[in-house]
Amino acid sequence: MTPPRAGRREWIALAVLALPALLVSVDMFVMIMALPELSIALGASGPEQLWIMDVYGFMVAGFLVTMGALGDRIGRRRLLLAGAAAFGIASCLAASAASPAALIAARAVLGVAGAALTPCTLGMITTMFADPRQRASAIGVWAGCFTLGAIVGPLAGGLLLDHFWWGSVLLLGVPAMVPLLLAGPFLLPEHRDLSGGRLDAASVLLSLATILPVVYGLKELAAHGPHLLPAAALPAGVAAGVLFVRRQRRLPDPLLDVSLFGGRVFAVVIVALTVFPLVSGGAMTFIAQHFQLVDGLSPLETGAVMLPGMLAAMASFQAAPLLGRRVRPGLLLPGGMAVTVAGFLAVATAADATALAAGFAVTCLGSGPLVSVGTTIVLGSLPPERAGSAAGLSQTGSELGVALLGSVGTIVYRAAPGLPAAARDGLAHAVAHGSGVAEARAAFTTALHVIALVCAVLLAAVAVLVARTLRHLPVPGPAEVPAQAPVLEGAAS
């Protein structure tokens with residue numbers, strides 16, 4: 001049977017659902033722009049800077065699967081609106097923080113609230129757009145809003161930072177909450193899994209005990225070298241992960257249906273959707289700081305030189321669903337990743353700001369096929385009642401990865417030969433105190449080049465894996481859910 005096509009109401013509802021994506025993206029990218037200034041204003045050390053940037057991603061990563069499953073059970077619209085309201089309140093608290101600790105705490109609350117937004121939004125898109133081609137276009141619009149936020153964030157953040165205090169940039173997302181909270185109850189359909197059981201509290205705790213200790217251990221080892229507590233946190237997190245998977249296999253209504261990974265195509269696409277935002281988001285953080293702290297650009301100038309990359313990403317997201325109707329996934333997805341690999345190689349060899357901006361633009365140009373078409377493959381292969389938890393799963397690794405790549409950059413930076421002790425707490429700290437600035441800038445540039453090479457190697461390996469795994473998938477027909485049978489490959493849904 002031909003799936004029903006969405007009408008005007010669904011497309012208007014999509015515009016409302018795009019606001020959380022825009023909000024989350026603006027919050028992330030304005031923080032990238034504001035980090036050097038707020039680090040100086042609050043006197044944040046290198047490790048505190050990492051926590052300011054990463055605690056949001058930690059909490060999002062820790063709670064995404066839980067929030068996706070919770071939305072499936074209590075209703076995605078209800079959880080989305082509650083998360084949006086909490087996000088607005090936490091943004092105000094973060095903007096008024098008077099110390100690094102207060103800002104870290106506020107951004108932790110932001111992360112918990114933000115974890116409710118993405119899985120609920122993607123789950124509702126899956127419910128509203130049953131037609132696979134319309135769904136691919138809707139996901140492209142949704143993903144494009146992340147890129148739009150990446151455009152609005154640096155430019156608006158740069159304008160605000162030129163005229164106001166650093167906290168003003170954290171208030172940018174608050175106005176986006178108003179139309180969502182007002183129109184959401186009338187436009188957005190409610191959907192929940194009536195057959196779903198109660199949320200298993202032990203599974204929630206085990207998921208947090210898996211993610212947070214591992215990330216903490218890696219961050220602390222990167223920042224301070226080997227010592228007991230972070231070294232013990234790593235195996236503790238791995239042990240909790242083993243217990244989490246075993247519990248999910250036994251539960252009749254698990255928090256995460258691990259049997260989905262029995263399908264090779266499903267597992268490979270999820271891995272690709274994890275690695276791609278890991279490398280692109282982590283590299284962008286270092287690129288934005290390089291423009292400001294090494295090349296000496298203002299926040300507004302940094303936003304301007306990054307604008308071509310953001311526009312390239314938006315064009316890629318809009319073109320990907322159209323290409324997906326004519327090009328097989330086994331060619332389209334690896335092809336886009338190959339373009340991004342070329343961009344990372346250009347970043348790794350960039351000698352000035354112009355070359356760095358050009359390389360960044362190329363990395364963005366290849367982003368659309370995997371994010372748009374890959375997400376469609378994952379969500380299109382699941383029943384609607386599983387869409388929320390699957391969306392949370394597909395986003396968890398991306399949030400987690402930005403923090404991990406930042407830790408790699410910290411290790412490379414601190415290992416640079418000739419780096420003065422006054423600069424070991426980070427480039428922003430060295431600039432603020434006027435000590436060891438030249439050596440710190442050279443070390444930061446080296447760290448950026450190493451990160452770009454690591455990103456290129458990781459993404460090239462994933463592109464080869466995707467090409468080999470998806471080579472048998474055909475171009476989806478006009479009334480065909482993309483790759484439904486091959487994705488599941490017999491896995492229980």
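Remember, predicted model here, so these are calculated numbers, not experimental data.
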What heavy-atom pair brings R77 and G184 nearest, and what distance separates the two atoms?
CD-O, 3.7 Å
Of all heavy-atom pairs linking G83 and L117, the shortest is C-CD2, 4.0 Å
Go through it in stages, so that I can follow the logic: the residues are W11 and F129, the test is side chain to side chain contact (heavy atoms under 4.5 Å, CB included), and I'd like the CA-CA distance, side-chain angles, deciding distance and then a yes or no.
CA-CA 9 Å; W11 289 106; F129 296 91; 3.6 Å; yes
Interatomic distance, OG1@T121 vs CG@L188, rounded to 0.5 Å, equals 8.5 Å
Taking all atoms of both residues into account, what is the closest heavy-atom pair of A115 and M67, and its distance?
O-CB, 3.4 Å
Supply the atom-to-atom distance M124 CE to L187 CG, rounded to the nearest 0.5 angstrom.
10.0 Å
Quick one: does L110's side chain get under 4.5 Å of S91's, heavy atoms only?
yes
Does F63 reach the side chain of L208, with side-chain heavy atoms less than 4.5 Å apart?
yes
Between the main-chain N or O of G330 and the side-chain N or O of R471, is there a donor-acceptor pair closer than 3.5 Å?
no
Contact between F344 and L453 at the side-chain level, heavy atoms closer than 4.5 Å - yes or no?
no
Atom OG in S203, atom CG in L251: separation rounded to 0.5 Å?
5.0 Å
How many angstroms lie between atom CG of L171 and atom SG of C92, to the nearest 0.5 angstrom?
5.5 Å
Is there a side-chain contact between V373 and P321 in this structure, where contact means two heavy atoms from C-beta onward sitting under 4.5 Å apart?
no
Compare all side-chain heavy atoms of T340 with those of L370 and state whether any distance is below 4.5 angstrom.
no
Supply the atom-to-atom distance M128 CE to I125 CD1, rounded to the nearest 0.5 angstrom.
6.0 Å
Side-chain touch S316/P369, heavy atoms, less than 4.5 angstrom:
yes
Please report the shortest heavy-atom distance between A95 and G167, naming the atom on each side.
CB-O, 3.2 Å
So if I apply the side chain to side chain contact (heavy atoms under 4.5 Å, CB included) rule between L333 and each of V462, V371, V466, which one comes out positive?
V466
Would you mind telling me which of V204, L206, L205 makes a side chain to side chain contact (heavy atoms under 4.5 Å, CB included) with F244?
L206
I'd like to know if the side chain of R264 reaches the main chain of T469, judged simply by a donor and an acceptor atom lying under 3.5 Å from each other, with no hydrogens or angles considered.
no
For T363, is there any backbone N or O sitting under 3.5 Å from a side-chain donor or acceptor partner on S367?
no
Determine the minimum heavy-atom distance between A240 and T210, stating which atoms define it.
C-OG1, 3.2 Å
Given side chain to side chain contact (heavy atoms under 4.5 Å, CB included), test L470 with V268 step by step and report yes or no.
CA-CA 9 Å; L470 304 187; V268 168; 5.6 Å; no
Stepwise, does the side chain to side chain contact (heavy atoms under 4.5 Å, CB included) test hold for V265 with H472?
CA-CA 10 Å; V265 174; H472 64 285; 4.0 Å; yes
Look up atom CZ in R250 and atom CD in Q248, then write down how far apart they are to the nearest 0.5 Å.
9.0 Å
Can you name the nearest heavy-atom pair linking C364 to M310, along with the distance?
SG-CE, 3.8 Å
With side chains defined as the heavy atoms from C-beta onward, is the minimum distance between L170 and L103 less than 4.5 Å?
yes
Check step by step if side chain to side chain contact (heavy atoms under 4.5 Å, CB included) holds for V112 and F87.
CA-CA 9 Å; V112 177; F87 199 100; over 6 Å; no
